[in-house]
**Student:** 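The structure follows.
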Amino acid sequence: MKAVTGSTAGLASGNPLLGTWKLKSHVMTTGTGERSTPYGEHPIGYLSYSADGRMHAIGTSSGRIVPLDLALTDEERVALHKTMFAYAGTYSVEAGKVTHHVDISWNEAWNGTDQVRFYEVNGNTLTITARAIDPTSGTEAQYVVVWEKVTSPR
């Protein structure tokens with residue numbers, strides 16, 4: 001598979017990730033085997049890969065708090081921040097591996113980093129896995145994120 005770069009030449013050819021994907025599940029498993037769903041059982045989000053080599057991802061928990069006023073309290077800001085993720089940048093793809101080159105993120109620590117993910121496409125389902133440090137425990141965990149291909153605008 002060709003690496004995706006900033007050039008548009010030949011990017012659509014053979015790239016199984018192209019398009020928009022809707023978030024279906026986000027499961028974290030710790031090194032001790034403890035399973036959790038950090039964004040709930042029914043997270044909401046989208047992941048898009050474009051032919052020009054750009055990507056973006058955004059996700060939230062379902063049932064997030066609804067602030068009482070436009071002027072958020074500090075507690076509301078924290079609750080909203082803890083129940084979302086968002087980042088964008090460019091990407092490169094190889095067979096079974098995609099690297100997100102992060103330009104901007106909800107987590108400033110990710111800006112300028114490469115986030116390596118492993119993927120499998122099965123029909124209209126994209127499964128992305130990664131090993132990363134769980135920010136709540138400081139230990140390594142495995143993340144399995146399942147997306148469904150968006151085939152119509154609605």
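Below, each value reflects all heavy atoms present in this structure, side chains not excepted, and no hydrogens, waters or symmetry copies.
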**Student:** Is the side chain of S62 donor-acceptor paired with the backbone N or O of H42 at a distance under 3.5 Å, no angle test?
**Tutor:**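 Yes, the answer is positive, given that a donor and an acceptor are paired below the 3.5 Å cut-off.
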**Student:** According to a hydrophobic-cluster definition based on side-chain heavy atoms being under 4.5 Å apart (Ile, Leu, Val, Met, Phe, Trp, Tyr only), do I44 and W106 belong together?
**Tutor:**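 The answer is no; the residues belong to distinct hydrophobic clusters.
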**Student:** Considering residues at least two apart in sequence or located in another chain, which fulfil the side chain to side chain contact (heavy atoms under 4.5 Å, CB included) criterion with S105?
**Tutor:**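 Scan of S105 (side chain to side chain contact (heavy atoms under 4.5 Å, CB included), adjacent residues dropped) gives Y87, V102, N107, W110, N111.
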**Student:** Tell me whether the count of non-hydrogen atoms from other residues, nucleotides or ligands lying under 6.0 Å of NZ in K22 goes above 12.
**Tutor:**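 Not more than 12 within 6.0 Å, no.
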**Student:** Taking it one step at a time, do D103 and R54 satisfy side chain to side chain contact (heavy atoms under 4.5 Å, CB included)?
**Tutor:** CA-CA 10 Å; D103 294 333; R54 306 281 318 160; 2.9 Å; yes
**Student:** Begin with the C-alpha distance, continue with both residues' side-chain angles, and end with the deciding distance and a verdict on side chain to side chain contact (heavy atoms under 4.5 Å, CB included) for L23 and Y39.
**Tutor:** CA-CA 11 Å; L23 183 57; Y39 299 99; 5.7 Å; no
**Student:** Tell me whether V98 shares a hydrophobic cluster with V150, the cluster being built from Ile, Leu, Val, Met, Phe, Trp, Tyr side chains joined at under 4.5 Å.
**Tutor:**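 In one cluster: no.
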**Student:** If I compare all heavy atoms of N15 with all of Y91, which pair ends up nearest, and what's the gap?
**Tutor:**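 N15 and Y91 have their closest heavy atoms at ND2-OH, 3.1 Å.
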**Student:** Stepwise, does the side chain to side chain donor-acceptor pair (under 3.5 Å) test hold for T60 with T83?
**Tutor:** CA-CA 5 Å; T60 67; T83 57; over 6 Å; no
**Student:** Is there a donor-acceptor pair under 3.5 Å between the side chain of E76 and the backbone N or O of L68?
**Tutor:**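 A pair under 3.5 Å: yes.
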**Student:** Report the distance from atom CZ of R117 to atom CD1 of I128, rounding to the nearest 0.5 Å.
**Tutor:**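 Between R117 CZ and I128 CD1, I get 7.5 Å after rounding to 0.5 Å.
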**Student:** Working to the nearest 0.5 Å, report the span between OG1 of T30 and CZ of R35.
**Tutor:**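 Rounded to the nearest 0.5 Å, the OG1-CZ separation comes out at 12.0 Å.
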**Student:** Once you round to the nearest 0.5 Å, how far does CG of L126 lie from CD of E148?
**Tutor:**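 Here the interatomic distance stands at 11.0 Å.
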**Student:** What's the separation between atom CD in E41 and atom NE2 in H26, rounded to the nearest 0.5 Å?
**Tutor:**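 It is 13.0 Å, given to the nearest 0.5 Å.
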**Student:** Let me check something: do V146 and M28 share a hydrophobic cluster, defined by ILVMFWY side-chain heavy atoms less than 4.5 Å apart, either directly or through other members?
**Tutor:**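 They do not share one cluster, since no chain of ILVMFWY contacts under 4.5 Å joins V146 to M28.
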**Student:** Determine the minimum heavy-atom distance between L17 and Y119, stating which atoms define it.
**Tutor:**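 Nearest pair, atom of L17 first, then Y119: CD2-CD1, 3.8 Å.
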**Student:** Mark yes when over 12 heavy atoms from residues, nucleotides or ligands other than E140 sit less than 6.0 Å from its CD; otherwise mark no.
**Tutor:**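 For E140, atom CD is crowded (more than 12 foreign heavy atoms under 6.0 Å).
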**Student:** Taking Y143 as the starting point, is it possible to reach I58 by hopping between hydrophobic residues whose side chains are less than 4.5 Å apart?
**Tutor:**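 Different clusters: I58 never reaches Y143 through Ile, Leu, Val, Met, Phe, Trp or Tyr contacts under 4.5 Å.
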**Student:** Side-chain heavy atoms nearer than 4.5 Å, only ILVMFWY residues, links allowed to pass through others: does that put V27 and L47 together?
**Tutor:**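 No, no single cluster joins them.
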**Student:** Which ILVMFWY residues are connected to I65, directly or by a chain of links, through side-chain heavy atoms under 4.5 Å apart?
**Tutor:**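 ILVMFWY cluster around I65 also holds L72, L80.
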**Student:** Looking at S61 and P38, what are the two nearest heavy atoms and their distance?
**Tutor:**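 Shortest heavy-atom separation between S61 and P38 comes out as OG-O, 4.0 Å.
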**Student:** Roughly how far apart are K149 NZ and T125 OG1, rounded to 0.5 Å?
**Tutor:**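 Rounded to the nearest 0.5 Å, the NZ-OG1 separation comes to 11.5 Å.
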**Student:** Considering non-hydrogen atoms only, spot the tightest contact between L18 and A51 and give its length.
**Tutor:**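 Closest approach of L18 to A51, heavy atoms only: CD2-N, 3.4 Å.
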**Student:** Measuring from atom OG1 of T99 to atom CD of E94, what distance do you get when rounded to the nearest 0.5 angstrom?
**Tutor:**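 That separation rounds to 6.5 Å.
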**Student:** Could you go through V93 and Y49, starting from their C-alpha distance and side-chain angles, then the distance that decides it, and tell me whether this counts as side chain to side chain contact (heavy atoms under 4.5 Å, CB included)?
**Tutor:** CA-CA 10 Å; V93 65; Y49 293 100; over 6 Å; no
**Student:** Before giving the answer on side chain to side chain donor-acceptor pair (under 3.5 Å), spell out for S36 and E34 the whole-Å C-alpha distance, their side-chain angles and the decisive distance to 0.1 Å.
**Tutor:** CA-CA 7 Å; S36 67; E34 182 181 341; over 6 Å; no
